Amino acid sequence: MTAGEQARESELATALARLSERLAAACAAAGRRREDVELLPVTKYFPAGDTAALYRLGLRAFGESREPEASRKVAEFASHIDDPSVRWHMIGRLQRNKVRSVARWAHVVHSVDSLRLADALDSAAQADRSTPLEVFVQVSLDDDPARGGVAAAELSALAERVAAAEHLRLRGLMAIPPLEWEAERAFARLTQLQQQFVRHFPAATDLSAGMSGDLEQAVKYGSTCVRVGTALMGPRPLISQ
Ligand SMILES: *Cc1c(COP(=O)(O)O)cnc(C)c1O
């Protein structure tokens, strides 16, 4: 390892220790068990070397949001670290023309928000995978399609489609708070939607919610997976690779 790589790894170790404490405190404050909330590090825009450093620090799942950056990074990571227990999550908006490549590397997709996307992922998973692709349906909290997410009124139909798809496995709901909303308001709305949702889909109890700025509120409202970028990796580089 170069001195630069060593310095970066110790920086990540410090940030991870701080973040782990923060998450443990959030769980304690919410009266929840730490093991019931997955910490998903979001490594988008950062090099594969950072992901390898996080692996050495004990992390085994990583969130990516863009193609072809993600495909390249997964391949580079795999050329150095051969560990089938590593799991990759696609958390960003997904275009249908990227579905084939995403189905090859992702174990979990958090951003399914249309019937057409669900159908395309099901076909891609059939063609390219031996195990079902795990899916969170992304729901819009303000019914504004700009930030992604299916409108609340169309959530059930979409989840039915995912649940019925042979090569997909419905895990639960994902949401991103609308920009101008308080986190509390957003996650309260999400919990309300989730309560109806799990009545129809009792096996799909996972909730992907919470990022660097609002993970405490997300944990308070029942998140089972927080997606954390900045608080672990530092500010994202302006120039993408
Ligand atoms: C980038 C990203 C995150 C991480 O955001 P931070 O605020 O940097 O923690 C979480 N979720 C999604 C969907 C993202 O695109």
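None of the values given here were measured: they were computed from a predicted structure. One-based numbering, in listed order, for ligands and for the atoms of each. Count residues from 1 along the sequence.
At a heavy-atom cutoff of 4.0 Å, ligand 1 is contacted by no atom of Met233, backbone or side chain.
At least one heavy atom of Arg236 sits closer than 4.0 Å to an atom of ligand 1.
Contacts classified as side-chain hydrogen bond (donor to acceptor under 3.5 Å, both in side chains) and involving residues 18-28 (residues at least two apart or in different chains) are given here: Arg22-Glu216. Each ring pair (Phe, Tyr, Trp, His ring centres under 6.0 Å) pair with one or both residues in residues 192-216, not counting sequence neighbours, appears once here: Phe197-Phe201.
Residue Ser65 places no N or O, backbone or side chain, under 3.5 Å from any N or O of ligand 1.
Atoms of ligand 1 lying under 4.0 Å from any heavy atom of Ile176, numbered from 1 in the order shown and given with element: 13 (C). Residue Val228 has at least one heavy-atom neighbour below 4.0 Å for each of these atoms of ligand 1: 9 (O). The atoms of ligand 1 that sit less than 4.0 Å from any heavy atom of Arg227 are 4 (C), 9 (O), 10 (C), 11 (N), 12 (C), 13 (C).
Among all non-hydrogen protein atoms, the one lying nearest atom 9 (O) of ligand 1 is Ser212 OG, 2.5 Å. Looking only at heavy atoms of the protein, atom 8 (O) of ligand 1 is closest to Thr230 OG1, 2.5 Å.
For the pair Arg66 and Tyr45, the distance from NZ or CZ to the six-membered ring centre is under 6.0 Å and the angle to the ring normal is within 45 degrees. Taking the centre and axis of the six-membered ring of Phe46, the NZ or CZ atom of Arg236 falls outside the cone set by 45° and 6.0 Å.
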Checklist entry - Stepwise, does the side-chain hydrogen bond (donor to acceptor under 3.5 Å, both in side chains) test hold for Asp142 with Ser140? => result CA-CA 6 Å; Asp142 61 358; Ser140 168; 3.2 Å; yes
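Atoms CZ and OG, from Arg72 and Ser101 in turn, are 11.0 Å apart once rounded to the nearest 0.5 Å.
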